[in-house]
Amino acid sequence: MSIVVKSVCKALERIAPLRLAEPWDKVGLIIESPVPRSDAKRVVLTIDLTTAVLEETLKVPTALVVTYHPPLFQPITSLTLANPLQASLLKLSAAGTSVFCPHSSLDATWGGINDWLAEGVMGPQKTTAKVNILGEVKGEAGGAGRIVTLDEPIPIEELVQRVKKHLSLSQVDVGRPLAQKSIKSIAICAGAGGTLLSGVDADVYFTGEMQHHEVLGAVARGRYVILCGHTNTERGYLPVLAKKLMDALSELARDKSSNELSREERIEIGKYQLDIHISEADRHPLDRM
């Protein structure tokens with residue numbers, strides 16, 4: 001394993017420990033290239049490993065792609081070029097590029113995607129609102145979702161504006177219950193939140209997507225629902241992750257008490273000028289027309 005891949009994997013473990021991932025998830029180092037390139041100093045951050053992201057990545061020597069969503073989710077019996085997702089992994093590996101996936105561990109960790117979403121709904125109440133874990137509490141490191149309790153209620157229209165501003169969206173889908181009310185509690189889940197949010201006692205369910213009947217059930221129970229598109233609730237976090245990754249790599253290089261890297265490896269990674277690149281080709285797969 002190249003020093004870049006090893007160091008970035010160790011740094012990502014500090015940011016979002018893989019033990020926080022859901023049991024069903026496929027996280028960690030997905031592909032380790034057997035032919036790492038010594039001139040590869042780039043690390044690409046993306047939400048999805050699409051064909052467009054692959055083409056962008058192959059233009060510059062890249063040591064590692066950190067793709068939030070697992071490119072391989074279901075068990076496979078073969079790995080061939082006939083399947084576009086499998087082909088992307090094979091081409092990256094042949095080019096000396098490894099692939100890492102943090103997925104639900106990055107949702108659960110404190111300071112992760114769900115906390116970033118929580119910051120967006122709090123607005124000017126950030127210093128007074130309370131944020132608690134929604135779902136299974138995984139020690140002191142975090143948990144699956146978040147529930148925000150505002151100190152003062154706000155109208156749904158204001159909350160929607162906060163969400164759109166935070167996610168840089170012009171439109172979101174809103175489900176309204178028959179009896180309109182002010183908002184004080186918001187249950188949050190990045191991506192697809194139907195299962196986690198089901199039955200949660202909150203004024204609003206804020207997520208990327210839910211199934212049709214999940215929305216109907218939530219609205220019938222008096223909840224507002226705000227849906228933004230699956231990856232729209234995740235992509236805006238990538239600049240935050242880039243900063244955290246640079247900081248974690250610097251700490252790793254300086255940390256003499258840790259056994260994560262040898263003394264020689266710490267010296268070597270400290271000399272590297274890594275290029276943490278947020279993919280410009282990564283985008284939500286659907287357009288509104």
Side-chain angles (χ1 to χ4, degrees), residues 2 4-5 8-9 12 16 25-33 35-37 39-74 76 78-107 113 116-117 164 166-173 190-192 207-209 227-246 274-289:
S2 75
V4 173
V5 172
V8 173
C9 288
L12 288 168
D25 209 355
K26 308 298 185 292
V27 296
L29 192 62
I30 303 298
I31 290 289
E32 181 183 353
S33 173
V35 286
R37 294 176 57 168
D39 61 339
K41 304 295 191 296
R42 171 170 281 195
V43 175
V44 171
L45 305 184
T46 185
I47 294 299
D48 290 305
L49 181 54
T50 61
T51 303
V53 173
L54 168 71
E55 293 177 355
E56 175 192 19
T57 301
L58 292 177
K59 291 177 181 178
V60 177
T62 299
L64 184 69
V65 171
V66 179
T67 174
Y68 169 75
H69 286 134
L72 293 178
F73 205 81
Q74 301 299 330
I76 61 173
S78 62
L79 199 59
T80 73
L81 296 174
N83 180 295
L85 289 177
Q86 294 176 11
S88 293
L89 294 174
L90 290 169
K91 291 174 182 179
L92 287 173
S93 182
T97 303
S98 300
V99 180
F100 183 97
C101 171
H103 203 204
S104 57
S105 64
L106 198 57
D107 295 341
I113 293 181
W116 173 74
L117 292 173
K164 291 196 292 187
H166 192 61
L167 302 184
S168 300
L169 297 174
S170 60
Q171 292 177 309
V172 296
D173 293 324
T207 185
E209 62 178 331
L227 303 181
C228 306
H230 190 118
T231 66
N232 289 332
T233 58
E234 302 157 342
R235 188 164 289 104
Y237 182 79
L238 291 181
V240 179
L241 178 59
K243 173 67 165 55
K244 284 180 174 287
L245 183 53
M246 288 300 298
L274 290 183
D275 172 20
I276 308 297
H277 175 74
I278 299 171
S279 172
E280 297 174 3
D282 179 49
R283 60 190 299 275
H284 190 64
L286 300 173
D287 288 324
R288 283 185 170 177
M289 300 178 64

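For clarity, every value in this text was computed on a predicted model and none was experimentally measured. Hydrogens, waters and symmetry mates play no part in the numbers below; they use all other heavy atoms, side chains included. In this chain, numbering begins with 1 at the start of the sequence shown.
- Counting heavy atoms from C-beta on, the side chains of Leu167 and Leu117 come closer than 4.5 Å.
- No side-chain heavy atom of Lys41 sits under 4.5 Å from any side-chain heavy atom of Asp275.
- Each of Val44, Val53, Leu58 was evaluated against Leu92; a single residue qualifies, Leu58, per the side chain to side chain contact (heavy atoms under 4.5 Å, CB included) test.
- Here Arg235 contributes atom CZ and Asp282 contributes atom CG; the two are 4.0 Å apart, rounded to the nearest 0.5 Å.
- The distance from atom CD of Gln86 to atom OG1 of Thr80, rounded to the nearest 0.5 Å, is 5.0 Å.
- Side-chain contact between Thr97 and Leu64 is absent, with no heavy atoms from C-beta onward closer than 4.5 Å.
- Gly191 and Thr207 get closest at one heavy-atom pair: O-OG1, 3.0 Å.
- Under a 3.5 Å cut-off, the side chain of Thr46 and the backbone N or O of Leu49 do not form any donor-acceptor pair.
- Considering Asp48, Thr231, Asp107 in turn, Asp107 is the only one that fulfils the side chain to side chain donor-acceptor pair (under 3.5 Å) rule with Tyr68.
- When all heavy atoms are compared, the tightest approach of Pro71 to Leu89 is CG-CD2, 3.9 Å.
- Annotation for Leu85 and Asn83: closest pair N-OD1, 3.0 Å, computed over non-hydrogen atoms.
- In this structure, Ser98 contributes its side chain and Ser33 its backbone to a donor-acceptor pair below 3.5 Å.
- The distance from atom OG1 of Thr62 to atom CZ of Arg37, rounded to the nearest 0.5 Å, is 8.5 Å.
- Residues Ala94 and Val35 approach most closely at O-CG2, 3.8 Å, considering heavy atoms.
- Residues Cys228 and Leu169 have side chains in contact (heavy-atom distance under 4.5 Å, counting atoms from C-beta outward).
- Although no hydrogens or angles enter the test, the distance criterion places a donor-acceptor pair under 3.5 Å between the side chain of Glu56 and the main chain of Glu280.
- For the atom pair CG of Leu81 and NZ of Lys91, the computed distance is 6.5 Å after rounding to the nearest 0.5 Å.
- The aromatic rings of His166 and Trp116 lie tilted to each other, with the angle between the two planes from 30° to 60°.
- Leu241 contributes atom CG, which lies 5.0 Å from atom CG of Leu45 (distance to the nearest 0.5 angstrom).
- Glu209 contributes no side-chain N or O that, together with a main-chain N or O of His230, makes up a donor-acceptor pair within less than 3.5 Å.
- One distance of note links CG of Asp25 with SG of Cys101; it measures 6.0 Å at 0.5 Å rounding.
- Side-chain contact between Phe100 and Thr67 is absent, with no heavy-atom pair separated by less than 4.5 Å.
- For the residue pair Asp39 and Pro61, the shortest heavy atom distance occurs at OD2-CG, 3.8 Å.
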